[in-house]
Amino acid sequence: MNVDKPKSILVIFGATGDLANRKLFPSIYRLYKNGKLSEDFAVVGVARRPLTNEDFRSNVEHSVTSSRPENEQINADFFSHFYYQPFDVTDLASYQKLKSLLHSLDEKHHTGENRIFYLAMAPNFFGTIAENLKNEGLTDTNGWSRLVIEKPFGHDYPSAKKLNEQIRQAFNEDQIYRIDHYLGKEMVQNIEVIRFANAMFEPLWNNQYIANIQITSSETLGVGERGRYYDKSGALRDMVQNHMLQMLALLAMEPPIKLTPDEIRSEKVKVLRALRDMTAENVDHYFVRGQYGHGISNGEKVDGYRDETAIESDSNTETFVAGKLMIDNFRWAGVPFYIRTGKRMEIKATEIVIQFKDLPMNLYFNKGKDIQPNLLVIHIHPDEGVTLHLNAEKRGVGTTSTPVKLNYYSHNEDKINTPEAYEVLLYDCMLGDSTNFTHWDEVALSWKFVDVISQAWQNKKANFPNYESGSMGPKESNQLLDKDGFHWWSI
Ligand SMILES: NC(=O)C1=CN([C@@H]2O[C@H](COP(=O)(O)OP(=O)(O)OC[C@H]3O[C@@H](n4cnc5c(N)ncnc54)[C@H](OP(=O)(O)O)[C@@H]3O)[C@@H](O)[C@H]2O)C=CC1
Ligand SMILES: O=C1O[C@H](COP(=O)(O)O)[C@@H](O)[C@H](O)[C@H]1O
């Protein structure tokens with residue numbers, strides 16, 4: 001198969017940081033190993049630390065080898081494409097030096113003056129870097145220039161708008177790639193395929209046949225080393241504003257007229273516009289917040305959130321959110337979309353459950369107590385695949401039905417070959433495909449939706465902690481569905 005191998009220099013701002021080391025370097029290596037990088041590539045890492053190229057290459061090597069199976073041979077030539085420049089993002093001289101380095105690497109590696117600037121640093125620097133890149137002439141090349149921006153994109157709608165305006169002074173919307181790493185996950189990308197490539201699902205994908213949709217992303221880890229960031233953010237901003245709403249939009253959107261970034265985005269935007277507005281008065285009816293206390297996680301005693309590093313002892317920050325979202329359009333009127341996400345929960349899993357409505361009169365209903373609604377479960381992580389829950393005849397027991405599951409797991413035997421989200425997204429960016437990145441319109445609508453909730457929560461102190469570490473969240477999360485006659489399907 002012919003694979004496109006785009007040529008470019010990737011400049012990573014924040015190359016000594018956690019994200020670069022844990023995610024980006026291993027993903028670049030996987031692109032290289034899978035033959036998706038042209039031989040003509042270079043990666044330039046910048047950060048304040050005074051490293052040499054050799055120091056940096058050895059860091060990258062450590063990051064790559066620790067992400068690979070123990071005996072894997074790694075081609076040393078890969079590391080020779082990595083360069084480092086000590087850099088302070090607020091110092092203009094740093095940009096001039098970087099400019100000359102990029103010119104010389106363009107010549108050495110024949111990268112066609114194509115550049116990706118990847119901002120893997122604290123968000124308060126995003127605007128400054130974008131402006132300086134433009135003003136100091138680093139985007140002025142004969143190739144293309146793209147800007148990749150990590151989350152969080154703002155803290156609320158006004159700050160996101162301000163950041164966007166700042167970035168747009170330097171880059172056009174089609175040069176900006178806002179990362180939502182969930183959009184790089186194989187099974188999130190598969191939502192569209194499951195929906196639009198199967199004649200058996202799309203006709204049922206509406207309020208006539210679907211009772212509710214549940215999206216869960218639960219984590220077992222606590223806030224770890226990220227307390228300083230997380231305590232100002234909370235689960236609503238950290239997970240709901242981006243990943244959860246993006247998955248919801250993909251599940252609920254109309255079939256796009258073409259599979260182009262613009263058409264898909266336009267359908268997602270319509271879903272976000274149709275979300276029933278929250279008001280200060282109705283937030284408690286639709287949303288539940290939680291914060292973990294101490295408990296047992298993965299068999300070990302763990303502290304509560306308020307005892308974690310860099311967290312205030314009376315913090316009001318939520319580490320769990322459950323919500324019922326209504327999409328007020330023709331297709332989805334009356335169908336609740338339940339979402340829940342949290343830290344220090346019982347299991348690490350991201351899963352979507354589509355619950356179909358019961359048949360109006362089930363002939364088998366009185367005979368088998370075990371009759372279940374049909375469910376379509378999309379396993380995003382750690383399992384990747386789809387399970388269809390059906391009812392079938394119980395062998396030898398006449399017409400009594402029993403639940404059966406049809407499973408499809410992708411890459412089941414060989415998880416190492418499942419592409420990493422960052423690998424997929426980096427490659428898309430090199431190809432200039434922005435389908436799996438978030439457009440400003442989506443970011444803006446998502447912030448507007450969650451801002452009302454966070455404002456209401458800020459004005460009213462919660463009774464925290466309200467769930468034990470190692471549980472599936474506060475009891476109010478179950479009550480949210482009980483009220484509607486549903487329950488969370490176990491994941
Ligand atoms: N880590 C993760 O798992 C995730 C991170 N993100 C996002 O990615 C971004 C980076 O996060 P993360 O890697 O965790 O952050 P880190 O704090 O680990 O890294 C920050 C990087 O910025 C550099 N830096 C700080 N100040 C300056 C400066 N003035 N000039 C130049 N470089 C500077 C640091 O290096 P030095 O000290 O050498 O200057 C370091 O390389 C953030 O936006 C975060 O929200 C998003 C999702 C997950
Ligand atoms: O963006 C984020 O996502 C992770 C969870 O990602 P996953 O791929 O492991 O499901 C979360 O831990 C983090 O707080 C958040 O910033």
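Keep in mind that the numbers below use all heavy atoms, side chains included, and drop hydrogens, waters and symmetry copies. The structure displayed is predicted, hence computed values, not measured ones. Ligands are counted one by one from 1 in listed order, and the atoms in each one are counted from 1 as well.
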| Heavy-atom gap Lys23 to ligand 1 smaller than 4.0 Å | no
| Within reach of ligand 1, part of Ala120 (heavy-atom separation under 4.0 Å) | backbone
| query | Which one holds for Phe87 and ligand 1: side chain close, backbone close, both close, or neither close, with close meaning a heavy atom under 4.0 Å? | reply | backbone
| request: Identify which of Asn242, Asp238, Thr341 has a heavy atom lying nearest to atom 15 (C) of ligand 2. | output: Asp238
| If you measure from each non-hydrogen atom of Tyr118 to ligand 1, which part falls under 4.0 Å: side chain, backbone, both or neither? | neither
| task | Report the part of Lys151 in contact with ligand 1, treating N, CA, C, O as backbone and CB onward as side chain, heavy atoms under 4.0 Å; options are side chain, backbone, both, neither. | result | both
| remark: Contact region, Glu150 to ligand 1, non-hydrogen atoms below 4.0 Å, reads side chain
| request: Flag the pair Tyr467 / Phe320 as yes when their ring centroid distance falls below 6.0 Å, and as no otherwise. | output: yes
| Are Glu219 and ligand 2 in contact, using a heavy-atom cut-off of under 4.0 Å? | yes
Enumerate donor-acceptor pairs with a distance under 3.5 Å from any side-chain N or O in residues 455-465 to protein atoms, sequence neighbours excluded.
residue	atom	partner	partner atom	Å
Asn459	ND2	Gln455	O	3.3
Lys460	NZ	Asp284	OD2	2.8
Lys461	NZ	Asp314	O	3.4

| said: Holding to side chain to side chain contact (heavy atoms under 4.5 Å, CB included), I want the full list of residues that pass it with Arg168, two or more places apart in sequence or in another chain. | reply: Asn164, Glu173, Ile176
| Are any of the N/O atoms in Val46 less than 3.5 Å from those in ligand 1? | no
| query | When the ring planes of Phe78 and Tyr29 are compared, do they come out parallel, tilted or perpendicular, using 30° and 60° as the limits? | reply | perpendicular
| message | Which of the numbered atoms in ligand 1 are under 4.0 angstrom from any heavy atom belonging to Arg22? | response | 1 (N), 2 (C), 3 (O)
